[in-house]
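Following: one structure in structure tokens, then a few remarks.
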Amino acid sequence: MNPTVDPTRRKTAVVVGHGMVGHRFVEALRSRDEDATWQIVVLSEEQLPAYDRVGLSSYVGAWDPSALALPGNEYAGDELVELRLGHRAESIDREARKVLTSAGDTLAYDALILATGSYAFVPPVPGHDLPGCYVYRTIEDLDGIRATAEAAGPGARGVVVGGGLLGLEAANALRLLGMTPHVVEYNNRLMPAQVDEGGGAILERLVTDLGLNVHTGVGTSSIEETEGGLRVTLSDETVIDAAMVVFSAGVRPRDQIARDAGLEVGPRGGIITDLGLQTSDPNIWAVGECAAVEGVCYGLVAPGYSTAEVVADRLLGGQGEFPGADMSTKLKLLGVDVASFGDAHATTEGALSVVLHDAAKGTYAKLVVSDDAKILLGGILVGDASAYSALRPLVGRPLPADPASLISPAGAELGADALPDEAQICSCNNVSKGSICGAIADGACDVPAIKSCTNAGTSCGGCVPMLKKLLEQSGVEVSKSLCEHFSQSRAELFQIVQVTGIRTFSGLIAKHGKGSGCDICKPTVASILASTSSDHILDGEQAALQDTNDHFLANMQKNGTYSVVPRMPGGEVTAEQLITIGEVAKEFDLYVKVTGGQRIDLFGARVEQLPLIWKRLVDAGMESGHAYGKSLRTVKSCVGSTWCRYGQQDSVGMAVLLEKRYRGLRSPHKLKLAVSGCARECAEARGKDVGVIATENGWNLYVGGNGGLTPKHAVLLAGELDDETLIKYIDRYLMFYIRTADRLQRTAPWQEALEGGIEYLRQVICEDSLGLAEELESAMAKHVEGYKDEWAAVLEDENKLSRFVSFVNAPAEADPTIAFDDSGERKVPVLLGVPQIAVGAARVGDNTATHGK
């Protein structure tokens, strides 16, 4: 953004606090301040810039703060934003309009924005400040919890004081750390703010089945230090010997700096503001959890974001007002769905409740309706929250059907057409149905496109099912057909091949397709056939199906030559093999390049030279690196514990094991893996389809990362795994991807498109929710057992070798259109003005030679 205002006339906004809402305010002001009228200084008490505190629990197992970092949180390259980490605001001089910081600096302001958030409330229990007592609020808190849990060892007890949302998240964190969690809740049910007594009973049963010990209707009387840790005594005289206590008994607004400055605060805390978020001082504003908007504090991130947007608007001369807050919540705790929306507790006069309580299935659903049962006021869903995205936007509106039928498994299904245009679909980002439908009308024809242009579904993701319904309602039909010759999707064709045992393209298209096929379905079916057997891809009819790269088992380059990439498992190579590579490069005059995947790439080989080159490499003990295939490319590694003083596990050994296990595995798209020996991540594992990172106690498994036009970080699937479990989970993940992904779909978009995302994958891969684990592992075992190097097989077969000629009508003749320029420091290809892929009508592999790396 060009600084169009004279810097001497520019105003200064000082932001106290750099949490999610503080960051949202900076983003909102900078995106709207087209004339660059404001200079912003942000004071962050923490040493880390803004991170996703809502997703704090995902830090457990990954232990990677960068994974929680909010996009753009360091404001790199923005001269109008100054971020001061580790600087706390100590006091405010309202008369002079200055803020004193913990570093001793004095900052003048034209507008002061208090985004101080909240703090964890710790009940005044005797012993609450003993070592081993924590709150569950920041990354630093979790680092302390982790250290104590690891010192205590597996199975040690941990007590969580508070059975609300954060309390259950804390209990799950202790469970993931190998502890035995005990949850103590003063109310007679868990999550009392979100669910009623019936929902609480189902929730307690479900989480107890998952290993939590729940104590409801009791308080914590005392905490005493013992030789082995802590002794916690409850109000019913229950005694729990524990290694730690985590307080998660609610939060309070952080308003002390405002109190000290004489600003008006609420009787129960919070900085009093009007609907414009202005405090009792016209130059000071409050946003997020510290703000009491007309006396009311809101503890969710969505209303916090709304307050930030309002203040940004006000500072630029607007008249924005806080629109009120949707306090609806939908979450998955320990794998259990919980949702509440609207007047969930039926506080409206005359409200009626319609309840479906299925103890056998472990589900609870309640709708709160008006006294005439025509208007939806709110609801609670426990165990199955699939109806949430359709029901929540209807709050305050007429019901389209009998309320009981809307929560009955055999009842009416709500369509998107039941909602008016002004209905809010995405409460996190305040996106209406009308805005989403408008985006669809303007060309957003799938969920990722809607996310991109409206922000709907980019926060909690609870509205994604409704986005799909709106696409269907708008008449957008995303065809699942592979191509004009097959009406089935790739996943459906995979199942057909697997079930019927059909092993040829002609047999498949004759029975389940039409026509003669094309350059879309032929390579796709070839890949499916390769994924379901160990037959060589150039055997029989399959050879004609391959694209150019697979046809010649090499990558075609821009001048019609090919590159040769021998496999180096985990980046390992012997001195003898390196010497052979050098000799081959010299003998065949090839350009040599070390790749980013720890391989050596040899460029400039003519097609008739490929068998000669590979004969030398195979004799040296090397094999195909599959750089040409939609298959496993590389497993990158660092040197790990074998050499590195920071290494925690043998990353090279694991990388070699994985690469040899999955080499030759054909898939919908290329696969890249990496193994890092510690959290320093030298192998860049989180940028790979499957990334493995060593910890002191085993391996963390990340999935769904990739580079390309839209880079994606892999996300944590499971943590602290032993070698056997790690390999088992990767087997399942890769085979599930191969079976269900679309043609040319990388793991990242495939994962995003799955309803339920990473949580669904976690259930399928780690918990075997579909009962497929044994079948997926068996399929991988079959691949491993049947693997044979493709180039070694070619060298043993005269028929296959006969394919490697430039022209079928002149097999001994070299391609005259291939030339190089050696005059500079590097050898480079020269194009002679001839379309290289179509030289001569008899050129081999002309049909689909457009597929490169």
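For the residue pair R137/S118, the side-chain donor-acceptor check at 3.5 Å is satisfied. No side-chain donor-acceptor contact under 3.5 Å links S306 and Y298. E264 and S280 share no side-chain donor-acceptor pair at under 3.5 Å. Looking at S370 and D372, their side chains do bring a donor and an acceptor atom within 3.5 Å of each other. There is no side-chain donor-acceptor pair under 3.5 Å between Y760 and S769.
Few gaps surround CZ on R762; more than 12 heavy atoms of other groups in view lie less than 6.0 Å from it. Surrounding CZ of R259 are more than 12 heavy atoms belonging to other residues, nucleotides or ligands, all under 6.0 Å away. Summarising the local packing, CZ of R205 is surrounded by more than 12 heavy atoms from other residues, nucleotides or ligands at distances under 6.0 Å. Heavy atoms from other residues, nucleotides or ligands lying under 6.0 Å from CD of E140 number 12 at most.
Using a cutoff of 4.0 Å between basic side-chain nitrogens and carboxylate oxygens, R53 and E46 are scored as salt-bridged. Comment: E45 engages R254 in a salt bridge, judged by a side-chain N to carboxylate O separation of less than 4.0 angstrom. Using a 4.0 Å cut-off between charged side-chain N and carboxylate O, E204 and R189 make no salt bridge.
Counting only distance, with no hydrogens or angles, the side chain of D337 and the backbone of D384 share no donor-acceptor pair below 3.5 Å. Checking side-chain atoms of Y134 against main-chain N and O of G144 turns up a donor-acceptor pair under 3.5 Å. When atom types are taken as modelled, the side chain of R24 and the backbone of G304 share no donor-acceptor pair closer than 3.5 angstrom.
A 4.5 Å side-chain heavy-atom check between C133 and I223 finds at least one atom pair inside the cut-off.
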Q: Test V122 against D129 for side chain to side chain contact (heavy atoms under 4.5 Å, CB included), laying out the working first.
A: CA-CA 9 Å; V122 178; D129 53 355; over 6 Å; no

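For L112 against V16, the heavy-atom pair with the smallest separation is CD1-CG2, 3.7 Å.
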